[in-house]
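Hydrogens, waters and symmetry mates are skipped; everything else that's a heavy atom, side chains included, is used.
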Amino acid sequence: MRLSQLFSSTYREDPAEAQTISHKLLLKAGMIRPLGTGIYTYLPLALRSLHKVMAIIREEMDRIGGQEILMPVMNPAELWMETGRYESIGSELVRFHDRAHRPMVLAMTHEEVVTDLARREIKSHRQLPFMTYQIQTKIRDEPRSRGGLLRVREFHMKDAYSFHADYADLDRYYPRVYDAYMRIFERCGLKPLAVEADTGMMGGSGSHEFMCLVESGEDTVVWCDKCGYAANAENATSREPLFQMDPQELDPEEVATPDRESIQDVAEFLGVPTSRTMKAVFYNAGGNLVFVVIRGDIEVNEIKLGNYLRTTELTLAGPDLLEKHGIVAGYASPMNLPESVRIVADRSVGWGNNFIAGANKPGFHIKNFNLSCNPRITDVVDIGTVRSGDLCPRCENGILTLGRGIELGHIFKLGTKYTDAMNVDYLDDDGQRNRVIMGCYGIGVGRLLSAVIEVHHDENGIIWPRSVAPYDLHLISLDAGSEDLRAETEKLYGELQAAGLAVLFDDRDESPGVKFNDADLYGLPLRVTLSKRSLKKGGVELKLRASKDIEIAPLNQAVGFVRAILDATNLV
RNA sequence: CGGGGCGUAGCGCAGCUUGGUAGCGCGCCUGCUUCGGGAGCAGGAGGCCGGAGGUUCGAAUCCUCUCGCCCCGACCA
């Protein structure tokens with residue numbers, strides 16, 4: 001491809017709207033252009049990379065027996081009503097009516113469609129197991145898109161669905177998908193961390209997310225430095241920490257704590273660490289007040305709490321709701337609570353005794369709060385947020401670390417959530433009717449591309465791994481008007497292409513500085529420069545984008561050198 | 001949906017406080033010169049100042065409403 005013909009233009013300055021590195025570079029390098037919030041056009045360079053990622057995905061999915069299909073984006077709402085998701089999913093599901101006034105949706109995922117398909121096709125156990133996948137546009141009217149391609153409202157997802165006769169078969173297949181996922185990401189130049197994940201609105205019995213650890217990631221992940229434990233912070237847990245226990249429980253007594261409402265203030269005022277306090281956090285769970293008791297130094301994990309309460313409608317309770325139950329904000333007490341309030345305690349209430357807690361009276365707290373003070377505290381569960389430095393729940397000496405990650409993919413053991421809702425059965429070899437078991441597996445393709453840039457770049461631009469680079473090499477002609485030199489470069493361009501290499505040829509009448517800077521920005525793996533100076537040095541200059549070193553190859557052997565270098569750097 | 005920020009030429013921005021119908025840098029076009037890390041000179045094109053309404057003799061500038069974009073939070077395969 002001649003750069004003079006390429007439909008793309010670079011920016012000299014960083015686009016103001018972009019914050020994350022990949023967003024900046026994708027715009028700056030002329031790879032994507034925005035159409036609206038979270039909606040982008042892929043220009044030729046980005047599309048070539050996207051296609052390479054897709055090709056890798058297809059190879060790996062085919063390798064584990066996947067069969068590619070393509071399902072519709074436009075779905076009758078009826079299907080989604082069948083599984084209940086038409087109602088349960090919020091406005092990120094785009095709903096509309098067709099010309100005949102039938103309710104329709106734009107698919108944000110394809111469990112409904114594929115499960116319906118399966119129920120029409122599956123008759124016998126002989127057809128099981130199988131796995132279908134597609135790479136299809138997904139529409140999600142995200143409440144908040146951001147970060148360029150990292151989180152968008154219309155995107156490409158590889159989604160796969162496997163169907164099994166029993167759980168054992170799903171359990172056997174699931175690790176194969178896991179391995180295929182690792183291969184896909186590694187082939188794209190990423191080394192993701194697979195973490196145990198919350199299943200969210202998808203449901204199911206187990207799931208893993210594949211996290212690319214970078215600062216710009218939206219998720220918090222937790223991992224152990226000793227064993228393999230890794231989890232999304234949403235559902236991570238830790239082992240009981242070391243804590244102080246007084247030899248005996250004392251009787252509670254009130255202490256004056258004027259104008260000290262936050263745990264921090266109270267602890268400082270009374271001269272105790274926050275771990276010796278018990279704090280109260282109120283939630284509105286679908287209109288009901290829930291009182292959460294948790295040790296003062298630990299944060300409530302709302303995902304865990306929501307899972308425990310089996311609700312997705314969970315917000316901090318407003319003053320109205322508190323007042324209604326006669327609770328004094330800032331001094332709320334886990335003692336003497338009205339019967340109307342549900343109490344949920346984090347397991348950390350057992351990590352110590354004689355705590356400081358609220359007195360439910362402005363300006364007062366109580367000393368020596370113990371679990372025995374309130375017999376109504378019976379729900380003691382793990383709803384705390386894991387902190388960096390906490391002890392690993394799985395091994396002896398491990399310490400947990402927290403980091404940020406981009407969710408590249410997510411795999412689920414769905415079980416029968418959808419096959420139950422849609423009655424998908426098969427006949428076993430005894431002629432008995434059995435429920436089909438499902439797994440589902442997603443990868444965000446554009447997000448994966450963004451993640452590659454987040455990981456592979458420097459201050460001058462992208463540094464593509466060859467596997468997903470839009471072209472293999474960037475050929476620069478510094479002919480300065482010399483027709484001979486130009487002819488040599490044209491000849492080399494032809495030879496490189498004839499050798500099967502994908503070449504981006506900067507044939508523009510631009511100054512060397514512009515060409516070098518654009519080459520760095522585009523970030524193709526290898527830069528090949530032909531100029532008066534390079535000829536004087538003995539041929540053409542070869543420079544890897546990822547390295548500072550420059551090698552000279554004789555002009556008549558340039559193609560061989562290029563191939564050798566590219567092949568040697570094939571794996572990034 | 002809450003909180004914050006921003007909409008002026010393709011990109012980055014100034015002008016707005018103190019109203020007088022728009023400017024800078026880069027990019028773009030033409031010519032000449034130049035040619036190894038974003039060249040020089042000369043000439044040129046390009047903007048209903050996001051939109052609507054209002055105040056005013058007069059609005060990019062003041063007021064009201066609205067739309068869009070970005071960030072944080074809520075939310076979220």
Side-chain angles (χ1 to χ4, degrees), chain A residues 9-20 23-24 27-28 30 33-39 85 88-93 107-111 138 140-148 150-153 155 157-161 197-204 207-210 216 218-219 232 234 284 302-303 306 312-316 318 407-414 417-418 439-444 447 460-461 476-482 485-486 506 508-521 527 529-537 541 543 548 550:
Chain A
S9 54
T10 56
Y11 296 149
R12 288 203 175 188
E13 291 173 78
D14 283 357
E17 70 187 60
Q19 308 293 320
T20 55
H23 189 192
K24 245 180 232 178
L27 289 170
K28 204 173 172 184
R33 291 291 178 253
L35 185 61
T37 300
I39 318 175
R85 287 173 146 197
S88 69
I89 295 178
S91 47
E92 58 266 34
L93 176 63
M108 57 191 296
T109 172
H110 281 80
E111 281 75 24
K138 297 283 188 279
R140 289 185 191 177
D141 193 0
E142 288 281 348
R144 186 179 161 205
S145 47
R146 66 193 112 168
L150 282 175
R151 185 176 190 76
V152 286
R153 297 195 292 168
F155 59 102
M157 174 179 275
K158 186 288 300 174
D159 47 325
Y161 306 90
D198 183 64
T199 51
M201 71 147 171
M202 297 295 298
S207 86
H208 286 86
E209 286 168 334
F210 295 81
S216 53
E218 296 185 75
D219 290 273
N232 191 310
E234 289 174 353
N284 180 341
E302 295 182 6
I303 305 280
T312 51
E313 294 174 55
L314 194 67
T315 54
L316 282 173
E407 181 188 347
L408 300 172
H410 199 158
I411 60 178
F412 299 82
K413 290 183 183 178
L414 282 180
K417 171 163 172 157
Y418 297 91
C440 82
Y441 320 94
I443 291 177
R447 180 183 281 186
N460 298 317
I476 291 183
S477 166
L478 297 183
D479 48 67
S482 153
L485 202 51
R486 183 49 177 261
D506 193 344
R508 296 174 303 173
D509 183 19
E510 286 287 355
S511 71
V514 170
K515 293 190 175 188
F516 287 136
N517 278 295
D518 277 347
D520 285 347
L521 182 56
R527 191 180 81 191
T529 311
L530 183 49
S531 68
K532 212 178 289 177
R533 185 190 289 188
S534 77
L535 285 176
K536 211 173 289 173
K537 286 189 198 162
E541 273 176 22
K543 180 188 168 296
K548 281 205 217 48
I550 290 177

Could you pull out the closest heavy-atom pair between A:Ser145 and A:Arg151, with the gap in Å?
->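 Between these two residues, the closest heavy atoms are CB-O, 3.1 Å.
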
Would you kindly give the [atom1]-to-[atom2] distance between [X] and [N], to the nearest whole Å?
{"X": "A:Ile303", "N": "B:rC76", "atom1": "CD1", "atom2": "P", "answer": "7 Å"}
{"X": "A:Arg151", "N": "B:rC75", "atom1": "CZ", "atom2": "P", "answer": "12 Å"}
{"X": "A:Leu521", "N": "B:rG37", "atom1": "CG", "atom2": "P", "answer": "18 Å"}
{"X": "A:Asn232", "N": "B:rC76", "atom1": "CG", "atom2": "C1'", "answer": "12 Å"}
{"X": "A:Phe516", "N": "B:rG37", "atom1": "CZ", "atom2": "C1'", "answer": "7 Å"}
{"X": "A:Asp479", "N": "B:rC35", "atom1": "CG", "atom2": "C1'", "answer": "9 Å"}
{"X": "A:Leu530", "N": "B:rC35", "atom1": "CG", "atom2": "P", "answer": "18 Å"}
{"X": "A:Lys548", "N": "B:rG37", "atom1": "NZ", "atom2": "P", "answer": "17 Å"}

Would you indicate whether the side-chain heavy atoms of [Y] and [X] approach each other to under 4.5 Å?
{"X": "A:Phe516", "Y": "A:Leu478", "value": "yes"}
{"X": "A:Pro512", "Y": "A:Thr529", "value": "no"}
{"X": "A:Ile443", "Y": "A:Leu408", "value": "no"}
{"X": "A:His23", "Y": "A:Ser216", "value": "no"}

Separation of the [atom1] atoms in [N] and [M], to the nearest angstrom:
{"N": "B:rG47", "M": "B:rG27", "atom1": "C1'", "answer": "16 Å"}
{"N": "B:rG51", "M": "B:rG68", "atom1": "C1'", "answer": "10 Å"}
{"N": "B:rG23", "M": "B:rC35", "atom1": "C1'", "answer": "33 Å"}
{"N": "B:rC13", "M": "B:rU8", "atom1": "C1'", "answer": "10 Å"}
{"N": "B:rC62", "M": "B:rG43", "atom1": "C1'", "answer": "40 Å"}
{"N": "B:rC48", "M": "B:rG38", "atom1": "C1'", "answer": "34 Å"}
{"N": "B:rG12", "M": "B:rC28", "atom1": "C1'", "answer": "15 Å"}
{"N": "B:rU34", "M": "B:rC70", "atom1": "C1'", "answer": "41 Å"}

Nearest listed nucleotide, side chain of [X], among [options]:
{"X": "A:Glu234", "options": "B:rA39, B:rC76, B:rG10", "value": "B:rC76"}
{"X": "A:Asp520", "options": "B:rC11, B:rC76, B:rG37", "value": "B:rG37"}
{"X": "A:Pro143", "options": "B:rG38, B:rA74, B:rG37", "value": "B:rA74"}
{"X": "A:Ala480", "options": "B:rA74, B:rC35, B:rG12", "value": "B:rC35"}

Under a 3.5 Å limit for both distances, which nucleotide forms a Watson-Crick or G-U wobble pair with [N], could you say?
{"N": "B:rG7", "value": "B:rC67"}
{"N": "B:rC75", "value": "none"}
{"N": "B:rG31", "value": "B:rC41"}
{"N": "B:rU21", "value": "none"}

Pick base, sugar-phosphate or nothing for [X], based on heavy-atom distances below 4.0 Å to the nucleic acid.
{"X": "A:Arg527", "result": "base"}
{"X": "A:Glu209", "result": "nothing"}
{"X": "A:Leu408", "result": "nothing"}
{"X": "A:Pro34", "result": "nothing"}
{"X": "A:Thr315", "result": "nothing"}

Kindly write out the residues that satisfy side chain to side chain donor-acceptor pair (under 3.5 Å) with [X], not counting sequence neighbours, or none if the list is empty.
{"X": "A:Lys543", "answer": "none"}
{"X": "A:Lys158", "answer": "A:Tyr181"}
{"X": "A:Lys532", "answer": "none"}

N/O contacts under 3.5 Å, protein versus nucleotides 65-71 of chain B?
{"residue": "B:rC69", "atom": "OP1", "partner": "A:Thr37", "partner atom": "N", "Å": "2.6"}
{"residue": "B:rC69", "atom": "OP1", "partner": "A:Thr37", "partner atom": "OG1", "Å": "2.8"}
{"residue": "B:rC69", "atom": "OP2", "partner": "A:Thr37", "partner atom": "OG1", "Å": "3.0"}
{"residue": "B:rC69", "atom": "O5'", "partner": "A:Thr37", "partner atom": "OG1", "Å": "2.8"}
{"residue": "B:rC70", "atom": "OP2", "partner": "A:Thr37", "partner atom": "OG1", "Å": "2.9"}
{"residue": "B:rC70", "atom": "O2'", "partner": "A:Gln19", "partner atom": "NE2", "Å": "3.4"}
{"residue": "B:rC71", "atom": "OP1", "partner": "A:Gly147", "partner atom": "N", "Å": "3.4"}

Between the side chain of A:Lys515 and the main-chain N/O of A:Arg508, is any donor-acceptor distance below 3.5 Å?
-> yes

Closer to the 5' end of RNA chain B via nearest nucleotide, is it A:Glu142 or A:Asn460?
-> A:Asn460

Side chain to side chain contact (heavy atoms under 4.5 Å, CB included) partners of A:Asp219, counting only residues at least two apart | A:Met211, A:Asn232, A:Glu234, A:Glu407

Which parts of nucleotides 25-30 of chain B does protein reach within less than 4.0 Å, heavy atoms only, written one letter per nucleotide 5' to 3' as B for base, S for sugar-phosphate only and - for none?
-> BSSS--

Give a yes or no on whether a salt bridge exists between A:Arg85 and A:Glu111, defined as a side-chain N under 4.0 angstrom from a carboxylate O.
-> yes

Less than 3.5 Å between a donor and an acceptor, one on the side chain of A:Asp14 and one on the base of B:rG12, is that the case here?
->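 No.
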
If you measure from CG on A:Asp14 to CD on A:Gln19, what distance do you get to the nearest 0.5 Å?
->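 These two atoms lie 10.5 Å from each other.
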
